[in-house]
Amino acid sequence: MDCLFCKIAAGEIPSKKIYEDETVYAFYDIQPAAPVHFLVIPKAHVMDSCAQADESGAQIVGHIFQVIAQLARQLGLEEGGYRVVTNCGENAGQTVRHIHFHVLGGGPLGTMA
């Protein structure tokens, strides 16, 4: 499989890692849209997007949100708030077909349309 995020998680493509465990990998976005912008991905390619979510993926997604909360605390994002975004499909802006979550914070983010 020629998946960018699989290669990042495997260490084949360099990234600025902020967290890793046996299930997930978190790294800073190379084109940040906020003062703090990182991604959290499952290390295994369990689904292309949230459109494929099912009961078997629920445990991984739950763990991802636990990691997001932990990293938000560590990075001081809790007080000012942060946004968690997942794009589902090309029309929604998904460019990598490997489920992933963007975490944005560190300043005012504005409203979403």
Item to complete: For side chain to side chain contact (heavy atoms under 4.5 Å, CB included), just list the numbers for R97 and C3, CA-CA rounded to whole Å, side-chain angles, deciding distance to a tenth of an Å, and then say yes or no.
Response: CA-CA 7 Å; R97 296 193 55 78; C3 172; over 6 Å; no
Worksheet item: Please walk me through it: do V24 and H63 pass side chain to side chain contact (heavy atoms under 4.5 Å, CB included)?
Response: CA-CA 8 Å; V24 303; H63 180 64; 3.7 Å; yes
Worksheet entry | Verdict with reasoning, I68 to F101, per side chain to side chain contact (heavy atoms under 4.5 Å, CB included) | CA-CA 9 Å; I68 288 170; F101 297 84; 4.1 Å; yes
Item to complete: Kindly determine whether V46 and H98 satisfy side chain to side chain contact (heavy atoms under 4.5 Å, CB included), including the steps that lead there.
Response: CA-CA 8 Å; V46 294; H98 181 126; over 6 Å; no
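Contact annotation: the side chain of L104 never approaches that of F38 to less than 4.5 Å [non-hydrogen atoms, C-beta and beyond]. Contact annotation: the side chain of H102 approaches that of D29 to within less than 4.5 Å [non-hydrogen atoms, C-beta and beyond]. Taking 4.5 Å as the limit, every side-chain heavy atom of I13 sits out of range of all side-chain heavy atoms of F5. Between P42 and T23, every side-chain heavy-atom pair lies at or beyond the 4.5 Å cut-off. Residues V103 and V36 fail the side-chain proximity criterion, which asks for heavy atoms closer than 4.5 Å. Side-chain atoms of I99 and S49, non-hydrogen and from C-beta on, never get closer than 4.5 Å to each other.
Of the possible donor and acceptor atoms, one in the side chain of Q94 sits under 3.5 Å from a partner among the backbone N and O of D48. Listed for the H37 side chain is a donor-acceptor partner under 3.5 Å among the backbone atoms of A33.
In this structure, SG on C88 lies 8.5 Å from CD on Q52, to the nearest 0.5 angstrom. Distance CD1/I60 to CZ/F65: 13.5 Å, rounded to 0.5 Å.
Hydrophobic cluster membership is shared by L75 and Y19, with clusters built from Ile, Leu, Val, Met, Phe, Trp and Tyr side chains linked at under 4.5 angstrom. Cluster annotation: I64 and L71 are assigned to the same hydrophobic cluster (Ile/Leu/Val/Met/Phe/Trp/Tyr, side-chain heavy-atom contacts under 4.5 Å, transitive). If you chain together hydrophobic residues whose side chains sit under 4.5 Å apart, L39 and M47 never meet in one group.
Annotation: cation-pi pair K16/F27 absent, no NZ/CZ under 6.0 Å from the ring centroid and within 45° of its normal.
G105 approaches L77 most closely through the heavy-atom pair C-CD2, 3.9 Å. Considering every non-hydrogen atom in both Y82 and A69, the closest pair reads OH-CA, 4.0 Å.
Heavy-atom contacts from other residues, nucleotides or ligands closer than 6.0 Å to CD of E12 number more than 12. Within a 6.0 Å sphere centred on CD of Q59, other residues, nucleotides and ligands contribute 12 heavy atoms or fewer.
No option in V40, V67, I18, I41 other than I41 meets the side-chain contact (heavy atoms from CB on, under 4.5 Å) test with Y25.
Here K43 does not pair with D21 in a salt bridge; the nearest charged N to carboxylate O distance is not below 4.0 Å.
Between the side chains of H100 and N87, no donor-acceptor pair of N or O atoms lies under 3.5 Å.
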